[in-house]
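For reference, the structure discussed in these notes is given below.
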2 protein chains.
Amino acid sequence: MYEALRIYINKYTSSEISDADFEIVTNAFTPKHFIKRQFFLQEGEVCKYSAFIVKGAMRQYSLVNGVENIVSLGIENWWMSDRESYAMLTPSQYNIDAVEDCDVLLVTYEKMVPLVESMPIIARMITMMDQRHSIAMQKRIHNAISLTAEDRFLDLMKTNPVFLQRFPQNMIASYLGITPESLSRIRKKLATK
Amino acid sequence: MYEALRIYINKYTSSEISDADFEIVTNAFTPKHFIKRQFFLQEGEVCKYSAFIVKGAMRQYSLVNGVENIVSLGIENWWMSDRESYAMLTPSQYNIDAVEDCDVLLVTYEKMVPLVESMPIIARMITMMDQRHSIAMQKRIHNAISLTAEDRFLDLMKTNPVFLQRFPQNMIASYLGITPESLSRIRKKLATK
DNA sequence: AAGGAGAATTGACATTTGTTAAGAATGTGT
DNA sequence: ACACATTCTTAACAAATGTCAATTCTCCTT
């Protein structure tokens, strides 16, 4: 269960965490299983945990008069949480739920802080995570303002093809900011090319 | 010139930086003046500096076959840089230039690191900056995928009305991901309401 | 102050995307 | 395995946004 986290830490820092340190890390995390559709976070709650996905798939979305808008999708080795709510302890405007049955590792902000402060490798991991996240968001903004729906879909096919296997099309459409009908049409059009 | 930076540090950390510490901080920064349209960063270059805007306005944009796509706008007390290029030393795909004559304070990543490591107040400032930036980007993504062009404009009017005073409409349109013509129509429609 | 460049507006039309509704296909739980 | 849910597709139409071209407006530069 924890092995995936160890691999993640080593991979994104290019150095090896010691067994002793990793033991301390694992003690800060709590394993949890979510069944499909189970909520990890509901609108109005404070997001107390950050979740490292060991197995499964999750999504983060707002719900505005019946319409779901997916701001983020995650699978194995991704972190899920509403960072704003998690760091500032404010009520979240988002929902996060399991798209598939999931095994995740949960950690609170309070348990994370001492790890970051005492272990350079963890501080480094967080820095890298934040950086990657920030770069990905910037790219998504750029795509949203500069590309057509079709080009955004093509970009997703290129950069995260695995999402198309793991998430139903209506969620992919929402993630791209279009309706399921539009995505269906776009796919049809691309198929003939 | 440096006073704006001192105020910024104090404001976003709710504690006061000492004169001695601030002296060290100012030594890490270099003041620079940009005239309107002058480039701070051009596509293909590495973004060596982060710029704290003391006076003036700047924009960050990509240029894809003649079309400018503005990913970020900044005025007094904002930071401008391509964070990806700045932190990873990779060539940037963006341009940053002065929309008005600007006075800015420049700092390299190498000069920033020791400040962050030796002064908790600076580390805190960076954390707060990153957090605010990250929250703003998340909101922008959410707006892009869930709102119409009109609603995105209304949101901008509410959250950053000063931008409408400082940037020409074609830049506002680009920032919102629409054409200047569309923005003009939206404004006309709203005026009659 | 005049001339010129850039910026904003407007209109006609094209294209993209959304909406609604229906049916087909697929998947899921018991 | 069955029945029910959900998901996906399709079509016709509506609405939003883009494109192109012409005109007016604004403001900079000299």
Side-chain angles (χ1 to χ4, degrees), chain A residues 34-38 56-57 59 61 63-70 73 97-102 143-157 163-193, chain B residues 34-38 56-57 59 61 63-70 73 97-102 143-157 163-193:
Chain A
F34 287 92
I35 62 168
K36 190 170 173 174
R37 298 219 171 75
Q38 186 178 353
R59 65 181 176 148
Y61 59 101
L63 197 47
V64 185
N65 45 338
V67 182
E68 294 173 355
N69 291 108
I70 296 180
L73 297 173
D97 66 15
V99 176
E100 306 170 355
D101 288 8
C102 288
N143 283 356
I145 68 171
S146 69
L147 300 185
T148 63
E150 180 175 329
D151 287 338
R152 295 202 299 281
F153 177 66
L154 287 170
D155 182 74
L156 183 64
M157 275 182 65
F163 280 7
L164 307 181
Q165 256 72 58
R166 299 289 289 275
F167 297 97
Q169 265 174 229
N170 59 357
M171 292 188 194
I172 298 289
S174 174
Y175 182 77
L176 293 173
I178 58 178
T179 59
E181 293 89 343
S182 286
L183 180 53
S184 188
R185 271 185 299 234
I186 287 168
R187 278 165 40 88
K188 187 179 179 183
K189 185 179 158 202
L190 290 174
T192 68
K193 285 188 179 170
Chain B
F34 287 91
I35 63 168
K36 190 171 173 173
R37 299 217 170 80
Q38 186 178 353
R59 64 179 175 148
Y61 60 99
L63 196 46
V64 184
N65 43 340
V67 182
E68 293 174 356
N69 290 108
I70 296 180
L73 296 173
D97 66 15
V99 177
E100 306 170 354
D101 288 8
C102 287
N143 284 356
I145 66 170
S146 69
L147 300 183
T148 62
E150 180 175 330
D151 287 339
R152 294 202 299 279
F153 176 66
L154 287 169
D155 182 75
L156 183 64
M157 274 182 66
F163 279 7
L164 307 181
Q165 256 72 58
R166 300 288 289 276
F167 298 97
Q169 265 173 227
N170 58 357
M171 292 187 194
I172 298 289
S174 174
Y175 182 76
L176 292 173
I178 58 179
T179 59
E181 291 93 337
S182 286
L183 180 54
S184 186
R185 272 183 229 120
I186 287 168
R187 277 163 43 85
K188 188 180 181 185
K189 184 179 158 200
L190 290 173
T192 68
K193 288 190 176 172

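Bear in mind that the values here come from a model prediction, so they are computed numbers and not experimental data. First the proteins, then the strands, lettered A, B, ... as listed; each starts at 1.
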**Prompt:** Looking at B:K188, B:K189, B:R185, which one forms a salt bridge (Lys or Arg N to Asp or Glu O under 4.0 Å) with B:E150?
**Reply:**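 Only one option passes, and that is B:K189.
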The side chain of [X] lies closest to which of these nucleotides: [options]?
X: B:E181; options: D:dT17, D:dT9, C:dT10; answer: C:dT10
X: B:P168; options: C:dT17, D:dT10, C:dA7; answer: C:dA7
X: A:S182; options: D:dT10, C:dG18, D:dT17; answer: C:dG18
X: A:I178; options: C:dG18, C:dA8, C:dT10; answer: C:dG18

task: Remember a base hit wins even if backbone is also touched, and classify B:P180 as base, sugar-phosphate or nothing at under 4.0 Å, heavy atoms.
output: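 Counting heavy atoms under 4.0 Å across all strands, no contact is made by B:P180.
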Notebook entry, point to check: Base, sugar-phosphate, or nothing: which does A:R185 touch, judged by heavy atoms less than 4.0 Å apart?
Noted result: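 If one applies the 4.0 Å heavy-atom cut-off, A:R185 turns out to touch a base.
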Just by distance, no angles: are the side chains of A:Y61 and A:D97 close enough, under 3.5 Å, to form a donor-acceptor pair?
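Their side chains do contain a donor-acceptor pair, which is all the 3.5 Å distance test asks for.
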What protein N or O atoms touch nucleotides 23-30 of chain C N or O atoms at under 3.5 angstrom, if any, and at what distances?
none

request  = From the options B:D151, B:T148, B:D155, select the one residue that forms a side chain to side chain donor-acceptor pair (under 3.5 Å) with B:N143.
outcome  =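 So the option named by the test is B:D155.
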Does B:T179 have a side-chain nitrogen or oxygen under 4.0 Å from the phosphate oxygens OP1 or OP2 of D:dG18?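 Yes, B:T179 has a side-chain N/O under 4.0 Å of OP1/OP2 on D:dG18.
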- Query: Within this structure, what is the CD-to-C1' distance between A:E150 and C:dG18, rounded to whole angstrom?
  - Reply: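 One finds 17 Å between C1' of C:dG18 and CD of A:E150, rounded.
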Review point. Roughly, in whole Å, what's the span from CG in B:L176 to P in C:dA8?
Key: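 Taking CG of B:L176 and P of C:dA8, I get 13 Å after rounding.
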Conformer about C1'-N of D:dA5 - syn within 90° of 0, anti elsewhere
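Syn for D:dA5; the angle stays within 90° of 0.
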